[in-house]
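Presented below is the structure to which this report refers.
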Amino acid sequence: MPILHPQTMARIEARTEPYTRRFNTFARIAVIYWLLRYVVLDSFRHVRARGIVGTANEIKDKIQGFIVRLMLSLPSSKAKLQLELGKAQSEIREKLVPSKYPDGVTLTTVRKLPEQGRSKDWLEGEWTNLKKLERGDVDAGRVSGAVYHGGEELNQVINEAMAKFVVSNPLHPDVFPGVRKMESEVVSMVLNLFNGPDGAGTTTSGGTESILMAVKTYRDWARDTKGITRPEMIIPSSAHAAFWKASQYFKIKLHVVPVNEETRRADVNAMKRAINPNTIMLVGSAPNYPDGAIDPIPSLAAIARRYNIGLHVDCCLGSFILPFMEKAGFGSDIEPFDFRVKGVTSISCDTHKYAFCPKGSSVIMYYSPKLRKYQYYIMTDWEGGVYASPSMAGSRPGSILAGAWAVLNYMGEDGYTQSCREIITASRALIQGLKECFADDLYILGDPKACVVAFSSKTLNIYAVGDEMSKRGWHLSALGGKKGGLHMAFTRLSARKVDKLLDDLDEVVKHVKSSPNDQKGDLVALYGVGQTSVGPHVVAQIAETFMDTLYA
């Protein structure tokens with residue numbers, strides 16, 4: 001290969017030197033710009049959102065988590081952990097997949113398709129025995145939330161409606177026009193209930209999907225109208241877990257702002273501090289799941305309007321309770337929370353909770369059709385033809401929509417007003433009982449206004465109280481966090497049992513106080529571990545084991 005003469009090389013270098021200098025200058029500018037925009041500016045926004053103390057705690061937790069993972073990876077620790085997880089797995093499996101069924105229950109294990117189809121008599125026998133496995137505590141009104149029972153007469157209405165549309169699919173509105181009509185009317189009824197007659201919405205399979213759809217909508221809206229490619233959202237720490245899921249699914253940075261320790265409501269000023277040019281939405285709950293507090297929606301809405309960002313109100317739990325509180329005589333207790341508040345741009349409502357519709361029924365609403373369009377998924381160049389769906393699912397069960405439509409028409413405003421009155425009256429009775437009879441040992445979390453009442457203790461292990469209540473047939477929801485707690489989400493069934501709940505709670509508190517060293521149970525074990533440094537890692541593996549066991 002020929003070698004250039006040194007003088008030729010010198011001439012080339014002299015001619016290209018200005019370009020090289022310019023390139024190096026531009027490269028330095030690009031690196032500085034990248035550092036300023038993606039490191040310095042992001043770090044500043046991060047610290048501004050969380051505060052110095054919050055950021056320091058976050059760094060401490062990450063360092064602690066790294067050290068814990070390192071320690072757990074050591075052979076001795078790993079072996080011990082696997083041994084304990086093995087015990088936990090056996091206990092979980094025995095509870096969920098018992099080796100022996102209760103007396104009088106005989107079931108066939110089916111792992112493969114039968115070579116010959118089973119008879120209807122065989123199916124009815126299996127159904128009968130499978131039904132016997134359910135806990136009687138459900139019908140006895142001893143379960144917090146979970147079962148939103150409208151009564152046997154209403155269940156019959158649901159069954160008849162669903163049976164008539166069992167093969168229908170809203171994906172094909174031309175084939176099933178009746179289902180299309182019912183779905184649109186369900187959305188319209190709920191929109192009007194939340195004072196959004198000019199708004200728009202769709203049905204979904206539940207609160208989680210409604211929340212996922214709202215977050216996806218704001219992401220796409222902000223990208224289209226503002227050019228935001230690195231979206232962020234701000235939520236109070238009491239928000240539903242579905243917002244963390246949405247953050248992970250849709251690659252949206254999440255700012256979690258601690259709630260006010262006393263009121264348990266969203267800290268409006270702290271959430272405002274977290275807003276930056278990449279913010280796409282704020283979140284408020286009405287009420288939240290953990291302790292039933294209703295966030296200050298009007299104040300959050302004012303901030304959302306000022307910064308031209310979305311405000312999603314999670315009313316999945318409040319559903320058909322909050323909109324009827326005024327008619328039921330409790331309207332003065334709460335602030336406006338729906339589309340009457342300017343700045344509220346979307347609301348999620350679970351009709352399968354306090355509307356008593358069949359499970360798998362929820363509605364996501366927007367203040368205008370223009371915003372709803374960002375929820376849609378449309379593919380125009382698919383080889384199978386044009387594909388469009390309003391939500392996550394493609395095919396959907398029209399039978400559930402038929403059941404929901406039937407329930408809303410059957411219950412009417414008068415029926416929902418009465419159920420709201422019964423449930424709120426029960427929750428107020430529990431609040432009064434806790435204040436009057438348990439002031440020395442239990443205290444109420446925040447200032448619950450609706451259907452959920454949460455309480456904790458400064459003198460007792462609150463999880464031991466929960467375990468003892470379980471022994472008496474009660475299923476109270478355990479809360480996480482630093483203080484922990486238990487909550488009761490009243491339903492029509494449990495509202496009638498509030499006096500029995502207080503009586504059993506009185507006995508349990510006395511028992512736990514008299515036996516402080518005899519505190520063993522599922523909640524004590526699980527949440528006791530959760531509050532240690534290894535807790536998040538161990539509890540996550542226990543949760544994985546639990547989910548694996550569901551399919552055993």
To the nearest 0.5 Å, what is the distance between [atom1] on [X] and [atom2] on [Y]?
X    : Y    : atom1 : atom2 : value
L408 : T351 : CG    : OG1   : 6.5 Å
L502 : D506 : CG    : CG    : 8.5 Å
S188 : L193 : OG    : CG    : 11.0 Å
R340 : I297 : CZ    : CD1   : 12.0 Å
T459 : I462 : OG1   : CD1   : 8.5 Å
D414 : F324 : CG    : CZ    : 9.0 Å

Exercise for the section: Report the residue from T217, T345, T202 that forms a side chain to side chain donor-acceptor pair (under 3.5 Å) with Y366. Expected result: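 Of the listed options, the one satisfying the test is T217.
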Any chance [atom1] of [X] has more than 12 other-residue heavy atoms, nucleotides or ligands included, within less than 6.0 Å?
X    : atom1 : answer
K497 : NZ    : no
Y416 : OH    : yes
E94  : CD    : yes
Y307 : OH    : yes
L83  : CG    : yes
E413 : CD    : no
F438 : CZ    : yes
K359 : NZ    : yes

[X]-[Y] side chain donor-acceptor pair, cut-off 3.5 Å:
X    : Y    : value
D314 : S348 : yes
Q156 : E152 : no
S319 : Y148 : no
S285 : H240 : no
T204 : S210 : yes
N195 : D338 : yes
H312 : S346 : yes

Quick check: do [X] and [Y] have side-chain heavy atoms less than 4.5 Å from each other?
X    : Y    : answer
W244 : L254 : yes
S477 : Y289 : yes
E232 : I280 : no
M162 : I400 : yes
L442 : L505 : yes
V283 : L300 : no
P296 : E335 : yes
I294 : N288 : no

Exercise for the section: Applying side chain to side chain contact (heavy atoms under 4.5 Å, CB included), run through V97 and T549 and close with a yes or a no. Expected result: CA-CA 8 Å; V97 192; T549 307; 3.9 Å; yes
Salt bridge or not between [X] and [Y]? Use side-chain N to carboxylate O under 4.0 Å.
X    : Y    : answer
R265 : D295 : no
D333 : R428 : yes
E91  : K95  : no
R142 : D504 : yes
K510 : E507 : no

Ignoring hydrogens, what is the shortest heavy-atom contact between [X] and [Y]? Give both atom names and the distance.
X    : Y    : result
S494 : A489 : OG-O, 4.1 Å
K272 : I303 : CB-CD1, 3.8 Å
L445 : G484 : CD1-O, 4.2 Å
A355 : V407 : O-CG1, 3.1 Å
I424 : C451 : CD1-N, 4.1 Å
L133 : Y101 : CD2-CD2, 3.9 Å

Problem - Test of ring centre spacing under 6.0 Å for F455 and Y443 - result: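 No, ring centres 6.0 Å or more apart.
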Handout entry: Worked check of side chain to side chain contact (heavy atoms under 4.5 Å, CB included) between L479 and L486
Key = CA-CA 6 Å; L479 307 178; L486 302 172; 6.0 Å; no
If only atom types and distance count, is the side chain of [X] paired as donor or acceptor with the main-chain N or O of [Y] below 3.5 Å?
X    : Y    : result
E209 : M392 : yes
N159 : N155 : yes
H487 : P290 : yes
N129 : K132 : no
S515 : V512 : no
D350 : K353 : no
S361 : C357 : no
S205 : G360 : no
T279 : M233 : no
S362 : C349 : yes

Problem - Test log, rule side chain to side chain contact (heavy atoms under 4.5 Å, CB included), inputs I275 and L282 - result: CA-CA 9 Å; I275 295 174; L282 303 175; 4.3 Å; yes
Problem - Steps toward side chain to side chain contact (heavy atoms under 4.5 Å, CB included) verdict (Y354, L317) - result: CA-CA 8 Å; Y354 291 103; L317 186 56; 4.2 Å; yes
Problem - Residue of the set I252, I234, V215, I235 for which side chain to side chain contact (heavy atoms under 4.5 Å, CB included) holds with M281 - result: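 So the option named by the test is V215.
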Problem - Full working for ring-ring contact (aromatic ring centres under 6.0 Å, His included) between F339 and F194 - result: CA-CA 6 Å; F339 289 119; F194 283 82; 7.6 Å; no
Exercise for the section: Taking the six-membered ring of F356 (Phe, Tyr or Trp), confirm whether the NZ or CZ of R492 is under 6.0 Å from its centre and within 45° of its axis. Expected result: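 Output yes; distance and angle both within limits.
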